[in-house]
2 protein chains.
Amino acid sequence: MASRDHADEQRFLDEYNPQDYLSPLVTVDVAIFTLIEGRLHVLLVQRANHPERGRWALPGGFIDAGQDQALSAAAARKLRQKTGVTAPYLEQVCTVGDNARDPRGWSVTVLYMALMAHAPTAAFVDSVADTRWWPLADAMAHDLAFDHRQLLAAARQRLSGKTAYTVLPVHTLDTPFTLTQLQQAFEEVLGAPLEKKSFRRRILSADILDEVGEAPPPGGRGRPAALFRPKAGLEDHAFVRVVGEGK
Amino acid sequence: MASRDHADEQRFLDEYNPQDYLSPLVTVDVAIFTLIEGRLHVLLVQRANHPERGRWALPGGFIDAGQDQALSAAAARKLRQKTGVTAPYLEQVCTVGDNARDPRGWSVTVLYMALMAHAPTAAFVDSVADTRWWPLADAMAHDLAFDHRQLLAAARQRLSGKTAYTVLPVHTLDTPFTLTQLQQAFEEVLGAPLEKKSFRRRILSADILDEVGEAPPPGGRGRPAALFRPKAGLEDHAFVRVVGEGK
DNA sequence: CAACTTAGTGGCTTTATGCCAACAATAACA
DNA sequence: TGTTATTGTTGGCATAAAGCCACTAAGTTG
């Protein structure tokens, strides 16, 4: 009976033709964030094809059934094509699907968020046509393709939300970095100032950074600062309490 | 030029035929949790069709382009069909997609998690064929269809993770409830005992419940307990700190 | 060496939770 | 009508992690 059922299933699969069923369009989009001169930026691409040709949009597109083993691989591929980066911080944010967001009909997009340091990507991004880093506020104010404005807002919210109890902004910095730089990254992401002593105590007592030397002070003025490098596995670290509830 | 482009796009859309493009299969699955006699249960359905016929699986299936306006509507529909419940707590968990999870080829599933009280659903669920509440541990130990074991694990993890800083388990109880019942729901979800005083202080000072009377003690023994009903908007409440870090 | 600038710390306050013991309200029972 | 058992509720101090603010440290510039 089990084997009978198995033969049954085999026959079903042999006769199965994907063309017979109409699936929604499935895309993957990535909101790639970085810090440039201390400000949050997001990577946008000007659409070369219909629909919404000419509009700026999040990098993304269809899944390549031949190339992509899984959704996250598809997201990583899009990201690699636009930035050259192969191992960024990459996290799934959410999936949006309905019959109105794309003129072609029912469509589904899986949204990812990525973080990376700017310096190593700058040259590559410059070389990719119709692709550039936008200051986040400008991007949010702009009229993006499809529902990408909402997608961007969702990614941004995930970023700040998670920054409250993790060390996500680490991934937007070049290593090594100083604690002041890290704090500024947090402040930019959270959109609010943090208290120096509390911040340093929180980060240092979490034991997630290795001290790796000293940096000359920025602008040549002031005391040199200790440099740190993230320890392995720090993306898993979750604080028991949220940061920045004072004032 | 703008209108030229617009006409251009119109022509593109007129000529667009979805059949020309091969999209992955898209399904929506829902992990529906409830408490029965204090223990976490999940709703499973025995598959009536190939593939994986006869295996138990999470309720779910294809999007109905005619009926479903959006992904969340599709999830709500599946849930309504199996439980009769129209307004449960429903949250998107994640989306899994690859070329190996379904024998028919590249497939994507959007996983939702739902919470509901048991009593109002019991009769309806009983009346639906091939559908029943499984104790969570049994379900996890069972050989479910496709990758539903992993999906179930992901939903379960979201549930306990979020319970640490919200009041999610409220949605698994009939209203009104006592604080002891709520605490027991938390403990079952978290898999660890909580301290009575801390728990009560935390919940009460959050000001998210309305006191609505008194309940006779369970089993007729002991002091009667105050009854509470959740205030509107309590799903948004997030505590600044995680619960249950002691011992 | 004084003035300025940025990094880092001391130490007290505040907030939220952990912990444990006491107290309160009911039912069953002697 | 106590007495005991059972469950709900609260008091009060200890502890953990943050907030706050002033002060010290280590450089540069002139």
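Small disclaimer: the values here were computed from a predicted structure and weren't measured. Proteins get letters first, then strands, A, B, ... in listed order; numbering begins at 1 in each.
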B:Glu214 or B:Val243: which one's nearest nucleotide on DNA chain C is closer to the 5' end? B:Val243
Take the protein atom CD of B:Gln183 and the nucleotide atom P of C:dT17, then report the distance between them rounded to whole Å. 14 Å
Counting only distance, no hydrogens or angles, is the base of C:dG18 paired donor-acceptor with the side chain of B:Arg201 under 3.5 Å? yes
Rounded to the Å, how far apart are B:Glu245 CD and C:dT15 C1'? 16 Å
Short side-chain N/O contact to D:dA18 OP1/OP2 from A:Arg202, under 4.0 Å: yes
Parallel, tilted or perpendicular: which describes the rings of A:His142 and A:Trp134, with under 30° parallel and over 60° perpendicular? perpendicular
Quiz item: cation-pi between A:Arg132 and A:Trp56, 6.0 Å / 45°: yes
Could you state the atom-to-atom distance from CZ of A:Phe177 to P of C:dT6 in whole Å? 21 Å
Protein proximity profile, nucleotides 5-11 of chain D - base contact B, sugar-phosphate-only contact S, no contact -, cut-off 4.0 Å on heavy atoms: -BBBBBB
Over 12 foreign heavy atoms within 6.0 Å of CD, B:Glu214: yes
B:Glu195 CD to D:dA16 P: how many Å, rounded? 16 Å
CA sep, side-chain torsions, deciding dist, call: B:Leu159, B:Met113, side chain to side chain contact (heavy atoms under 4.5 Å, CB included): CA-CA 8 Å; B:Leu159 173 57; B:Met113 170 189 82; 3.8 Å; yes
Specify the separation, in whole Å, of atom CD1 of B:Ile203 and atom C1' of C:dT17. 13 Å
Please determine whether side chain to side chain donor-acceptor pair (under 3.5 Å) holds for the pair B:Gln184 and B:Glu188, giving the CA-CA distance in whole Å, both sets of side-chain angles, and the decisive distance to 0.1 Å. CA-CA 6 Å; B:Gln184 285 165 351; B:Glu188 170 69 9; over 6 Å; no
Taking the nucleotide of DNA chain D with the nearest heavy atom to each, does A:Gly219 or A:Phe199 sit closer to the 5' end? A:Phe199
Relative to each other, are the rings of A:His237 and A:Phe239 parallel, tilted or perpendicular (30° and 60° limits)? perpendicular
Look at the side-chain N and O atoms of A:Ser198 and state whether any lies under 4.0 Å from the OP1 or OP2 oxygen of D:dG19. yes
